[in-house]
Amino acid sequence: MPTDVAAHITGTVWKIEAKVGDSVLEGDTIIILESMKMEMPVEAPASGSITEIRVNEGSAVSEGDVLAVIG
Amino acid sequence: MEILGFLRKHHERFISGAEISRALRVSRTAVWKHVGSLRSAGFSIEAHPSQGYRLTEEPDLLLPADLQEGLQTRFVARELHHLLSTDSTNRVARDLAAKGAPEGTTVIAEAQTRGRGRLGRTWFSPPRTNLYASIILRPRIPMPSVPQLTLVGAVAACRAIGRVYNGPGELGPRIKWPNDILMGGRKVSGTLVEAASLGEMLDYVVLGIGVNVNLEEKDLPTELAATATSLLIAGGRKVSRKTLACALFEEIEATYERFRAEGFAKLSGEYAALSDIWGRQVRVTLSEGVIEGTAEGLDSDGALRVSLAGGASERILAGDVQLLR
């Protein structure tokens, strides 16, 4: 069952640390967000492989937005 | 450090290695080794073949025992790790936090070889001149509030710098949103805040602060000369790094405690009062482009409000602010 990787803060995407097809373990950093100059890693909520990345570096995101999907 | 205390107590005369080893119950080899490490840390210790050792000069170091003597905090810098040199105090603090170091644990370094600014930028970090500190915090707050800790750090740094600065008022410290401290329009302090989560919960935050203290104008790298400053350059005299470090740790604890108890909205007035960008023209570099407008105010969550020509207003959460005049 696919799992959404959601933003837990509002800010911008600073770095994308994984790409579609990568296999990741629960807790791996997928994306690093930035808000008010704080760097906040977004971790994989489950193990699996990345099937979708919906943002680019520099994208503005809101809390709750789906950033990536793990299949 | 006991050997240092002993040398300090008897600095007016030579004391033999045998005397030190008897008094402190350590081997003479240990005394000799320790004297060597003190010397490489910058202490001048005279050694005389028959009379022993004498401390003649101390470097300005931020030794934990000295620093904690006058420190008025409950938890910040109560566990204090002092390093002569490290790649980055934030990196060391993150490692300690990941191993479970308690809230308030602090790392200070005399020099950083890879001092980090935000977004991978570097922070010029020569030895024994400035202050580099990273503090571990473990607040139980909702995730969306976590970035506000950047603003908490800025209030604390600005207040601490204000406590030790005696120079002309127009060069006094001011916050530039969100986290830079400027003196006379040039940057004296910067913050790098990094967070780590455990699933949906915040695990810890490392609040890293660098302050240019006794850096001289001539020692600024050319590329920073127009944009950076130090307390010495702004105030015209040297500042004790120890006094500043204590002030910083006390202000961080006090500001953080208020933030935890009352939330950022209660602090926002104080934050705004420490900044002088209101009503001024700013250029903000966002990931999608550049906007220009008037810095209008701070939203209760800490976002910067910029009013654009034509009356629209923009809420900024991430972007680089440049003051135009």
Side-chain angles (χ1 to χ4, degrees), chain A residues 1-20 22-71, chain B residues 90 94 98 116-121 137 141-154 175-180 190-208 264 271 285-289 298-299 301-304 314-321:
Chain A
M1 204 181 90
T3 312
D4 289 347
V5 181
H8 38 35
I9 58 169
T10 298
T12 57
V13 176
W14 174 41
K15 248 189 192 172
I16 299 176
E17 305 244 290
K19 52 183 191 306
V20 171
D22 283 0
S23 19
V24 293
L25 295 173
E26 184 181 340
D28 283 356
T29 297
I30 310 284
I31 281 167
I32 302 176
L33 300 178
E34 192 218 337
S35 179
M36 292 195 278
K37 314 246 168 171
M38 173 177 282
E39 293 170 16
M40 173 81 89
V42 181
E43 296 173 356
S47 303
S49 75
I50 308 251
T51 55
E52 216 182 312
I53 289 186
R54 297 193 184 169
V55 291
N56 297 310
E57 292 185 354
S59 304
V61 297
S62 295
E63 186 195 340
D65 285 358
V66 175
L67 309 174
V69 179
I70 296 174
Chain B
N90 261 40
R94 277 191 284 122
R116 282 187 58 211
R118 199 180 52 91
L119 306 190
R121 291 167 195 161
L137 299 173
I141 53 174
M143 279 294 199
S145 311
V146 174
Q148 293 166 348
L149 282 164
T150 300
L151 311 177
V152 169
I175 300 172
K176 189 191 78 172
W177 189 92
N179 63 334
D180 288 341
T191 315
L192 174 65
V193 191
E194 294 176 272
S197 53
L198 278 175
E200 304 276 283
M201 296 290 292
L202 179 71
D203 184 8
Y204 63 83
V205 167
V206 169
L207 180 61
F264 182 75
Y271 179 96
T285 308
L286 307 164
S287 46
E288 319 85 73
L298 193 72
D299 280 350
D301 64 350
L304 175 70
E314 187 97 16
R315 251 174 69 82
I316 315 281
L317 273 170
D320 273 337
V321 175

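So you know, we letter chains A, B, ... as the sequences are listed, proteins then strands, and number each from 1. As a basis for the values below, the full set of heavy atoms in this structure was taken, side chains included, without hydrogen atoms, waters or symmetry mates.
Contact of the A/K37 side chain with the B/T191 side chain is not registered, since no non-hydrogen atoms from C-beta on lie closer than 4.5 Å. Put simply, the side chain of B/L149 reaches to within 4.5 Å of the side chain of A/M38, judged on heavy atoms. At least one side-chain heavy atom of B/L192 sits under 4.5 Å from a side-chain heavy atom of A/E39. Between A/T10 and B/P144 the shortest side-chain heavy-atom distance does not fall below 4.5 Å.
If you measure heavy-atom distances from A/P45 to chain B, you find no contacts under 4.5 Å at all. Proximity to chain A (any heavy atom under 4.5 Å) is restricted, for B/V205, to the side chain, taken from C-beta onward. With a 4.5 angstrom heavy-atom cutoff, B/D203 does not touch chain A via any of its atoms. In this structure, chain A has a heavy atom under 4.5 Å from the side chain of B/L151, while its backbone stays farther away.
Considering every non-hydrogen atom in both A/E43 and B/L198, the closest pair reads OE1-CA, 4.4 Å. Contact between A/S35 and B/P147 at its shortest, heavy atoms only, is O-CB, 3.5 Å.
Atoms CE and CG, on A/M36 and B/L317 in that order, are 6.0 Å from each other to the nearest 0.5 Å. Between the CD1 atom of A/I9 and the CG atom of B/L202 there is a distance of 10.5 Å, given to the nearest 0.5 Å. One finds the OG atom of B/S197 at 4.5 Å from the NE2 atom of A/H8 (value rounded to the nearest 0.5 Å).
For residues 61-71 of chain A, a heavy-atom distance under 4.5 Å to chain B picks out A/E63, given by residue number.
Of all the listed residues (B/A318, B/A195, B/A196), the one sharing the greatest number of non-hydrogen pairs under 4.5 Å with chain A is B/A195.
Qualifying side chain to side chain contact (heavy atoms under 4.5 Å, CB included) partners for B/S145, counting only residues two or more places apart in sequence or in other chains: B/I141, B/P142, B/Q148.
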